[in-house]
Every structure is written in structure tokens, then in C-alpha cells.
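All chains are named by letter (A, B, ...) in the order of the sequence lines, taking the proteins before the strands, and each is independently numbered beginning at 1. Computed from a prediction, not measured in an experiment: that's the story for all the values here.
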Protein chains: 2
Amino acid sequence: MTTIKDIAKTAGVSVTTVSRALNGYSDVNEKTRQKIINIAEDLKYSPNTLARGLVMNRSKTIGLLVSGMDRSSVKDNFTYQVLSGVNECISERGYDLVLFSTTSTKQREKTYSQLCRERRVDGAILSGIKIDDPYLNEVVESNIPCVLIDIPIQSETVGFVTTDNVLGAKKAVRHLIEQGHKNIAIINGHDQAFVSKQRLKGYKEALEAANLPVKEYWIVSGEFSEDRAQEKSLELLKQFPEITAIFCASDLMALGVLKAAKILGLEVPSKLSVIGYDNILLASYSTPTLTTIAQDIIELGYQASHLLIDMLEGESNSRECILDTELIIRESTDSKQRSLIKE
Amino acid sequence: MTTIKDIAKTAGVSVTTVSRALNGYSDVNEKTRQKIINIAEDLKYSPNTLARGLVMNRSKTIGLLVSGMDRSSVKDNFTYQVLSGVNECISERGYDLVLFSTTSTKQREKTYSQLCRERRVDGAILSGIKIDDPYLNEVVESNIPCVLIDIPIQSETVGFVTTDNVLGAKKAVRHLIEQGHKNIAIINGHDQAFVSKQRLKGYKEALEAANLPVKEYWIVSGEFSEDRAQEKSLELLKQFPEITAIFCASDLMALGVLKAAKILGLEVPSKLSVIGYDNILLASYSTPTLTTIAQDIIELGYQASHLLIDMLEGESNSRECILDTELIIRESTDSKQRSLIKE
DNA sequence: CTGAAAGCGCTAACAC
DNA sequence: GTGTTAGCGCTTTCAG
């Protein structure tokens, strides 16, 4: 493995000069620089980032901390899309990514800041972390620059990226109202997600804006689980046959509601309209296809990295970024579209 | 940021002793060790892996090199599953993961071994790399320990993990033959994937074993693309109406064939049986649901890491690992199942 | 424009 | 058992 020492020796200069030449400093003779660059190439030199990181006290790596990257998370590949966006931005800006996947067992062994300090990451992005997660407190307390996805906390070293979940939910419910629905239930996610609170808020606001009553017993939690949502919606629909539309805080849960509707023999959308949230891949493959609120999750990851690196490089003014959502109308709410497709 | 020096100072010992105590060496007084460990905790010490890596010449990181982690790869989340398996194994064994995602443009800037040498990864796992990819040669030539996914190359420093693709394809075609099919076409993947060659081989062997002719014009490439497979199968089915079954080298392509069948008004499976490969999530959500050859991709990633770390730690005898596949029968080939479900 | 020297935090001979 | 010393590969004062 060739080092700058080797280059210095064959070039007949000092290591200082080699370092300066290779790092593009101005105060080095153009000829010397060219010579050094040539030799570096000949010797297949690669800088040792460990050594550089050690002395510079920055590693040019950022840590992505995700939770629950297990078999079940394959269905909604939220994490993968975040990762994909993060990766894109990070590599554009010359950083590398180290992945920390936390599980409840591993969490006890090593704390968040230990993880980050050991690897000397310059900053971290947290995704899929619940609001009661012990890591979260650490973030706020530690002074490691950090961007949260979907958790709105801000400080000198902490920023966040999210979508406008209140507005997103509003769009969904408004769409149902426009289709003539008056009895609209919500299957929400669990309380440990900030987005759940937001989407519930949007649901309520949309109803109120249309002078429709908010009925607390039409608000149930599906815990972001397909099965759980199926169960809960089954109960709900049995108990309140007057419900004609359900807004779900995730597509996965909407899929569960679709199953419940099938069990009850309720045709979607003629007897029951269903709208999801996320626009996961399955939403356009289910039967019927699923109307949903699309969020650009890859962009979420991209913007998170962007914000973080801006913070690291002192270019940041803002500490937050809120992305937009889009209503995608498909068969599960649109009677006309549905019947067109059937024939 | 506290260092062993700080600990040494407050403990009144030398840094050597601290280092030894913290790393569990035997030749240190138990009392001294306890004292040092306590102080380390008090001072919230985390070892600096950069410094350690520099001196030990191993970083305890492994690099995962994947290609094309873009928007399109969300559909079959092969990469994510590999990543998930890799991550699981790696964290069990005390390594960290750094992700290198290559794109054609970035490839020109930095070579594979540069990437690995700069970050001083102890070893690398390559997934989704085409067999004509320039990176591949580098691997074989560089002396960086490396495990390939789905490319069977072996050397002192190179191992691989794959599934038995010949057998997998055989299972698929055998299943079709057992259903009474005699005219079976194949939509294969592109030639830059080793698995394509293997699956074609399995297809041919299964036909021959049943004394069925292999017709070269029934072998077409869908290039692992849904759209391309749709086009190609459309042509194929128009030209050869006698074809009653199609084996696809990926589920995504099978989905394309399903669309083609719909366009031609060929009911699946009564007029045309379709079988895929991979068992992606969509396979159980499509209409009709897709019979397929399942491979455990998470396990693929897990075993790849396992093999690599064994190699790194000198525990390896073998340089290869071949996993099994499983036939999953769903509606797209099973007339009985299909009709049952319809009523 | 270039070089000598110090030091980042850690480990590993080698002494005692 | 413990300390002294050197050095991993690099950047960065400070002199010249």
C-alpha cells in the first residue's frame, strides 16, 4: 500500500509537499505538482482516510441510523428509499455512508452517541425512530450534528426533514368529502410516530372545514400494521355500517382495510371508499388499486443529507425542510374510474 | 472527546495499561482494570476507531458495493434485502457497514480498489454487478478480500454466494411439464447476468429430461425489464399461438408477460401458464398471483457476510456457498387453485 | 515555494 | 504487572 512517504521518496521532495500538491494547495510549483501527481498515479496511490480523519478530526462519513431493518420492513420499503436518497446526495458531495441498524437488543449495548463517536461520523441521519426511543434524547443532548426524518425537533445541532402531514391528510379527507362522503373514519398509525398526530390533525381539520362532526369512536389505531388495520376496520365497519369511507394513515393499513371490506362483502369503492397514505409500490398493484397521498421518500432522504451537509459545512441558515405531498386518485375511491376499468 | 490519555491521567497509570485493560488483555491487575473501566465510563469514553484502524491496519468495516440503487430498483427490492441480510450478520460479528453505490458516471472517477483502499475496508461484498462490469476485473486482480453475489468466481481472496439457479429453473419448468404443458417458452434475463445463463441451462435440461424439444426461437430475452418482457412475449405469443406456458427468469418480467396475456385476451392460467423467479413481494399481490421460484435474498446477504468475515478471520475453508430455492405455486399456473379462488 | 517537526489516538514491541 | 518508546499515514504550524 503506497503512502505519501513513498511518493515523496521517488519524487525527491518532502511529504509536506506531496500532501500539498495532492490536496490542491496553491503554494506549490506547477511542475512539482504534475510530477507528484504522475508518480501518485503510477504507484496507484490512494489516500488513507483513516489517517486523514484522525488528524483532521473529520471523517467525511455520515451515519445513517435506521431501526427495524428486518424481514417485515421489505413490504413498505420506506427505509430503502430513504437510504437511496441519502446515498445519492452524499456521494454527490463527497461523503461516504455508514449504516447503523438498531434493534432493541443492540440498543442496550451501545448508545447512539457511542456509535457515532466510535466511527467518528461527521453527522447522522435518523429514520424510522419512534418518538419514545431512548436514542432520541441522546441526539438532542449530544452535540453531534444530526437530521431527523419525520420528527420535528430543532436545535443548534439538530434539524429535521418531513412532509406536510397535516395538509396531506387534509387532501385525502377533502377528496373523500368531494366524492360525497359524510361518514368518514380514520385508521391511524401508532402514537409513537409523530406523523400519526399530524395526520389525525389533518383529518379533523378537513372534517371541521366541511362542517362534518368529528366522532372520536371513528378514530382507531391500526398501529401501521396491515393485520391490525384489518381487525380494527372489521370491528369498526360492523359496528357502524353507516361509514362509507375510511382514511388510512398508511397504504399498508389501507390494504388491510381492503381485506376487511372483502370479508364483509363491501364492494370498494361503491360501498366503501378507501384511501391510503405513502403511495407504496403495492398501492398500484392491489385490487382495487389504491387512492393515496404520495410522498417522495427518496427526496426525503436526499433533502435530509443535503440539510445535514449544509449544517456540517456551515452553509445552513435553515434547520428544517418540509416537502409536499400529492393526491393520487385510483380505483379505491373513484367509482367512475373503477367501473370504467371493469368493462 | 475523551481519550485513553485522559483516562490514564486520572487513573494514574500509563496509556498502555489503559489500552490493555480496555481490550481485555490478561496481563493486567484486576483492580487496576476495574478502576480503569469505571473511569472510562465516567468520562464517557469511546474508542476512536480511526486511530485504532490506522495502527492495526484493519478497520472492522466491510464495504457493500451495489450498482444502480435508483428509483427503478425499488420495485424488486433485491438490493435492500441483500443489505438487510448483510447488515444483520455484520453487526452480529462486530463489523460496520459502509455503502458504496456505483453509477456509471461515478465509476469512471474512482475505481473499485480505490474506494476500498481509501476507506480501508477489511473486505467487500459486491451485489448487482454485471459480468462485463469493469469493477469485476479489479476485484479478481486486487488482493482485497471479497465476496460476490451471484457471480461464481473464486480465488485466494475471492469467494461467492449464489442460489442453485440451474436447479431452480428446472423446478419451474418441471412444474409446468407436470401440469401437462409441452410448448414452453422462456423469457430470460440479459446476458450480463450469470444467473441468466444458469436459468437457461435449467430450462433446457428440464425440457430434455422430459424428451421435449428445445426450440431456439422460443428463447427470448426480456432483459430483466417488465416492459421489455411484455413486448417480447407479445410478439412471441402472436407468432407462436401454440405456446401454453412461459417461464420467466424474474417475477418482474413475469408481470410483463401477464400484461401481454391480458392484451391478447389469453386467460391465465387456463390459456397460458406463467411462472416467475425470485418471489418478490408483488408476486403475491398481482392478478392472478404469480407462481414462482423463491430465493431467500436476505439469507444471500447474510451468508455473503458470513463467508467474507470467515475469510477475513482465517476461519474459512470454503470459498463458496450455494443456497436452495423453493417452488411457490400460486394462481398463474394452477388452474384448480385459480378457479377455487374465483368462486 | 519547500522542508522539518510535531502530533492526531491508538497499539505493540521491548524493557523493567 | 506496568511503563517507555516508536510508529501507523496524514496534515499543519513554523522556518527558511
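- At a cut-off of 3.5 Å, with distance as the only test, no side-chain donor of A:Thr157 or A:Asn143 sits close to an acceptor on the other residue.
- Atom CD in A:Glu118 sits about 15 Å away from atom P in C:dG9, given to the nearest Å.
- At whole-Å resolution of the value, CD1 in A:Ile36 and P in C:dC1 are 13 Å apart.
- Judged purely by distance below 3.5 Å, without hydrogens or angles, the side chains of B:Arg117 and A:Ser46 pair a donor atom with an acceptor atom.
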Could you list all N or O pairs between the protein and nucleotides 2-4 of chain D that sit under 3.5 Å apart?
{"unit_1": "D:dT2", "atom_1": "OP1", "unit_2": "B:Thr32", "atom_2": "OG1", "d": "3.0"}
{"unit_1": "D:dT2", "atom_1": "OP2", "unit_2": "B:Asn29", "atom_2": "N", "d": "2.9"}
{"unit_1": "D:dT2", "atom_1": "OP2", "unit_2": "B:Thr32", "atom_2": "OG1", "d": "3.2"}
{"unit_1": "D:dG3", "atom_1": "OP2", "unit_2": "B:Ser14", "atom_2": "N", "d": "2.8"}
{"unit_1": "D:dG3", "atom_1": "OP2", "unit_2": "B:Ser14", "atom_2": "OG", "d": "3.2"}
{"unit_1": "D:dG3", "atom_1": "OP2", "unit_2": "B:Thr17", "atom_2": "OG1", "d": "2.7"}
{"unit_1": "D:dG3", "atom_1": "N7", "unit_2": "B:Arg20", "atom_2": "NH2", "d": "3.1"}
{"unit_1": "D:dG3", "atom_1": "O6", "unit_2": "B:Arg20", "atom_2": "NH1", "d": "3.2"}
{"unit_1": "D:dG3", "atom_1": "O6", "unit_2": "B:Arg20", "atom_2": "NH2", "d": "3.2"}
{"unit_1": "D:dT4", "atom_1": "O4", "unit_2": "B:Thr16", "atom_2": "OG1", "d": "2.8"}

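- Side-chain N/O atoms of A:Tyr25 include one lying less than 4.0 angstrom from OP1 or OP2 on D:dT12.
- Between B:Ser19 and C:dC10, a side-chain N or O to OP1/OP2 separation shorter than 4.0 Å is absent.
- Within the nucleic acid shown, A:Asn57 has no heavy atom closer than 4.0 Å to any nucleic acid atom.
- When only modelled atom types and interatomic distance are considered, B:Asp150 and B:Thr162 share a side-chain donor-acceptor pair under 3.5 Å.
- Residues B:Arg119 and A:Asp96 are paired through a salt bridge, judged by an N-O separation under 4.0 Å between the basic side chain and the carboxylate.
- Whole-Å rounding puts the A:Lys31 NZ to C:dC1 C1' distance at 13 Å.
- A side-chain donor from one of A:Gln303 and A:Glu299 sits under 3.5 Å from a side-chain acceptor of the other.
- Of the two residues near DNA chain C, A:Val55 and B:Met56, the one whose nearest nucleotide lies more 5' is A:Val55.
- One atom, NZ of A:Lys5, and another, P of D:dT11, lie 15 Å apart when rounded to the nearest Å.
- If you take CG of B:Asn23 and P of C:dG9, they are 17 Å apart, rounded to a whole angstrom.
- When only modelled atom types and interatomic distance are considered, A:Glu138 and A:Ser113 share a side-chain donor-acceptor pair under 3.5 Å.
- A pairwise comparison of heavy atoms in B:Tyr95 and B:Thr61 identifies CD2-N, 4.1 Å as the closest pair.
- Using modelled atom types, one finds no donor on one side chain facing an acceptor on the other under 3.5 Å when comparing A:Thr16 with A:Ser19.
- Contacts of residues 43-53 of chain A with DNA chain D (heavy atom under 4.0 Å): A:Tyr45, A:Pro47, A:Asn48, A:Ala51, A:Arg52.
- Shown here are the ring-ring contact (aromatic ring centres under 6.0 Å, His included) partners of B:Tyr302, two or more places apart in sequence or in another chain: there are none.
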